[in-house]
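Structure, as structure tokens:
Counting starts at 1 for both ligands and their atoms, following the listed order.
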Amino acid sequence: MDLNTYHDVWVIGEQREGKTHPVTIELAGEGRKLADKLGKKLIVVLAGDNIESNVNELLHYGVDKVYYLKHELLKHFSTEGLTKAIADLILERKPEIVLVGATSLGRDIAPRIAGRVGTGLTADCTSLEIDTTDNKILQTRPAFGGNLMATIICPKNRPQMSTVRPGVMEKAKYTEEVRGEVEEIVPTLTSDSIRTKLLEIIPLEKNGVDLTEAQIIVSGGRGLKSAKGFELLQKLADKLGGEVAASRAAVDSGWIDHSRQVGQTGTTVRPTIYIACGISGAIQHLAGMSESKYIIAINKDAEAPIFKTCDYGIVGDLYEVIPNMLEWLDRK
Ligand code: FAD
């Protein structure tokens, strides 16, 4: 493999039923930084059918080019269709770096694409840097149950591929200026290339939640002592216009659905305000929320590790502190 023939930074964008997933814009932000450091182009690949407005909108986020993989067989998500279309394009155009969102869809296709094109993949990266001595990408991710951070390189193969969870990277800024151009590409796909048939799309159940979009999160841990504690947290979240989330201990206790778990094996969030109530601050929990802008911790143990991470700490019983907060908010 001649590594010198590979160039450009690609982001594999994601759209679901015509809605661009926010992780695409987050990766465009990160991809821009990497491309600028390498002096290369940033290209977003978006696949679908009749998604011209999504494709054109991407040009407002500082990308140099969008490859629009247009095909009726890519109208809905298709593991086999997307894997083939993207892998074929990688083999033809040879990007140096490929970033994929670690969403359920991204996690499905990224390892398949890496396998097809014969390269490695670092999953769930939390930071990406360029080693300027040899322009390799340093891919950092939690390892050994989150107890240490491992930095991984892909020295002999190209492209260097990483998945990054939603909410980890900062979104690219929207600008009125259109920087690049769209290239429409029709992949070679026939219905024979896709062995599975989509019969029905079942929307997320009503109580399903996208924590990555929440600006205020009120999160509860084992310190709540029971599922009932979440009713109190919900009151605070409703008052603040936020969402309720939880630590794994609370989820494992059966007090709340796993879709609300924050952390290494849950969702990574980056809200403006994260209120941790009765959460000790284990490293696996911090992995999912430490990038929040302001962290407020309520814990009755002054020695709890969460107090080392938070911006504001309240030492006290959450069952006294939160009713007081609600009362104060009522008076506002
Ligand atoms: P605890 O650690 O038991 O803390 C409860 C806290 O509540 C204590 O600090 C206590 O002082 C306080 N408290 C008690 N009563 C009150 C009260 N009345 N008022 C105020 N404070 C009170 N964890 C996650 O959260 N997310 C993950 O994604 C995750 N993934 C993991 C992956 C792996 C591979 C492993 C090994 C672990 C993972 N964990 C995860 C588990 C993690 O290690 C911790 O066990 C978990 O985060 C602890 O949850 P907690 O803080 O709610 O409970």
- Task: Mark up the atoms of ligand 1 that fall under 4.0 Å of a heavy atom belonging to Gly263, in ascending order.
- Result: 26 (N), 27 (C), 28 (O)
- Query: Which atoms of ligand 1 have any heavy atom of Val262 under 4.0 Å away?
  - Reply: 24 (C), 25 (O), 26 (N), 27 (C), 28 (O)
- Residues Asp8 and Lys94 bridged, charged N to O under 4.0 Å: no
- Contact atoms of ligand 1, heavy-atom distance to Thr265 under 4.0 Å: 27 (C), 28 (O), 29 (C), 30 (N), 31 (C), 32 (C)
- Query: Taking NZ, NE, NH1 and NH2 as the nitrogens, is one of them in Glu80 or Arg112 under 4.0 Å from a carboxylate oxygen of the other?
  - Reply: no
- Note on the structure: Restricting to heavy atoms, the pick from Gly281, Gly223, Ala287, Ala302 nearest atom 16 (C) of ligand 1 would be Gly223
- Item | Heteroatom distance test (Gly278, ligand 1): nitrogen or oxygen, under 3.5 angstrom | yes
- Message: Only heavy atoms of Gly316, strictly under 4.0 Å: list the atoms of ligand 1 that pass.
- Response: 19 (N), 20 (C)
- Item | Ring centroid separation Tyr274 to Tyr294 under 6.0 Å | no
- Task: For Ala282, take its heavy atoms, then give the atoms of ligand 1 lying under 4.0 Å from any of them.
- Result: 42 (C), 43 (O), 44 (C), 47 (O)
- Rounded to the nearest 0.5 Å, what's the gap from NZ on Lys293 to CD1 on Ile273? Could you check? 9.5 Å
- For ligand 1, is there an atom lying under 4.0 Å from some heavy atom of Leu224? no
- Is Glu327 salt-bridged to Arg331, cutoff N-O under 4.0 Å? yes
- Query: Does the ring of Tyr6 carry Arg93 above it, NZ/CZ under 6.0 angstrom from centre and within 45° of its axis?
  - Reply: no
- Message: Using a 3.5 Å distance criterion without hydrogens, assess whether the side chain of Asn157 forms a donor-acceptor pair with backbone atoms of Gly118.
- Response: yes
- Query: Would you say Gly220 touches ligand 1, if touching means a heavy atom closer than 4.0 Å?
  - Reply: no
- Query: Going by the order shown, which atoms of ligand 1 are within less than 4.0 Å of some heavy atom of Gly221?
  - Reply: 52 (O)
- Please confirm whether the backbone N or O of Ala287 pairs with a side-chain atom of Ser290, one donor and one acceptor, at under 3.5 Å? no
- Query: N/O to N/O below 3.5 Å, does that happen between Ala246 and ligand 1?
  - Reply: no
- Heavy-atom nearest neighbour of atom 45 (O) of ligand 1 within options Lys225, Arg222, Lys300: Arg222
- Item | Sequence-distant partners of Asp36, salt bridge (charged side-chain N to carboxylate O under 4.0 Å, His left out), two or more places apart | Arg32
- Do you know which of Lys171, Lys19, Arg270 makes salt bridge (charged side-chain N to carboxylate O under 4.0 Å, His left out) with Glu213? Lys171
- Item | Test item, Gly288 contacting ligand 1 (heavy atom, 4.0 angstrom) | no
- Note on the structure: Here the atoms of ligand 1 under 4.0 Å from any heavy atom belonging to Gly266 are 28 (O)
- Any N or O on Leu318 sitting closer than 3.5 Å to an N or O of ligand 1? yes
